[in-house]
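Okay, so here's the structure we're looking at.
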Amino acid sequence: MPDSTSFFDKVYDIARLIPYGRVTSYGAIAKYLGAAKSARMVGYAMNNSHSKDVPAHRVVNRKGLLTGKHHFEGTNLMQQLLESEGIVVINNQIQDFDKLFWNPSYEL
DNA sequence: TCAATGACCTGCC
DNA sequence: GGGCAGGCCATTG
């Protein structure tokens, strides 16, 4: 199973580059990798991110909604982690998402 | 092996 | 401007 030699590995790399107190979206990562249409893959990669040191809680959908919070241990763990970094999350919705948004294609 | 699903996004009607 | 359908790649049944 230790493939880690494909789209997934790159996704983990980008996710790990996300600065503290910042968030990004699946599409942004996918687009940076040159696969904007493969945004779904990014989310699937996050599914395995639990095996890596990837802060998946900093990765959300285009609307800043914590769609994958259900995949975390607790129900509000993802929100707790984001709030712990100074990010305001209400009802699984990140506030000021446009300000906290971290665009890899722009920052990198 | 084939078919269906999934932490999504973009485009068209 | 809102809603629907298609597409992407990998994993599971």
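So you know, we letter chains A, B, ... as the sequences are listed, proteins then strands, and number each from 1. Source: prediction; values computed, not measured.
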Nucleotide nearest [X] (side chain, heavy atoms from C-beta), chosen from [options]:
X     : options              : answer
A:A39 : C:dC8, C:dA10, B:dC9 : B:dC9
A:N61 : B:dG6, B:dC8, B:dA7  : B:dC8
A:R40 : B:dA7, C:dA10, B:dC8 : B:dC8

Open item on the list: Let me confirm one number: the CG-NE2 distance from A:N92 to A:H70, rounded to the nearest 0.5 Å.
Closed with: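 It comes to 10.5 Å.
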
Task: Spacing of A:R58 atom CZ and A:I18 atom CD1 [to the nearest 0.5 Å] - done: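 Nearest 0.5 Å value for the CZ-CD1 distance: 7.0 Å.
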
Task: Pairwise P distance for B:dA7 and C:dG3, with rounding to whole Å - done: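 The answer is 22 Å between these two P atoms.
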
- [ ] Between B:dA4 and C:dG6, how far apart are the P atoms? Round to whole Å, please.
- [x]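 Here C:dG6 and B:dA4 have their P atoms 14 Å from each other.
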
Atom pair distance, as rounded to whole Å: [atom1] in [X] and [atom2] in [N]:
X     : N      : atom1 : atom2 : result
A:K37 : C:dG6  : NZ    : C1'   : 10 Å
A:H50 : B:dG6  : NE2   : C1'   : 15 Å
A:I29 : C:dC8  : CD1   : C1'   : 16 Å
A:F7  : C:dT11 : CZ    : P     : 13 Å
A:K63 : B:dC9  : NZ    : P     : 7 Å
A:F97 : B:dC8  : CZ    : C1'   : 12 Å
A:I18 : B:dA7  : CD1   : P     : 19 Å
A:F8  : B:dC8  : CZ    : P     : 14 Å

[Y] backbone acceptor or donor facing [X] side chain under 3.5 Å:
X     : Y      : value
A:N91 : A:Q93  : no
A:Q79 : A:V89  : yes
A:T24 : A:W102 : yes

- [ ] Map A:M41 and A:R62 onto DNA chain B by nearest heavy atom, then report which one ends up closer to the 5' terminus.
- [x]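 The 5'-side residue here is A:M41.
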
Open item on the list: Using a heavy-atom cut-off of 4.0 Å across all strands, would you classify A:A45 as base, sugar-phosphate, or nothing?
Closed with: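 Since no nucleic acid heavy atom lies under 4.0 Å of A:A45, the category is nothing.
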
- [ ] Would you please confirm or rule out a distance under 4.0 Å between OP1 or OP2 of B:dC8 and any side-chain N or O of A:T67?
- [x]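 Yes, because at least one side-chain N or O of A:T67 sits under 4.0 Å from OP1 or OP2 of B:dC8.
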
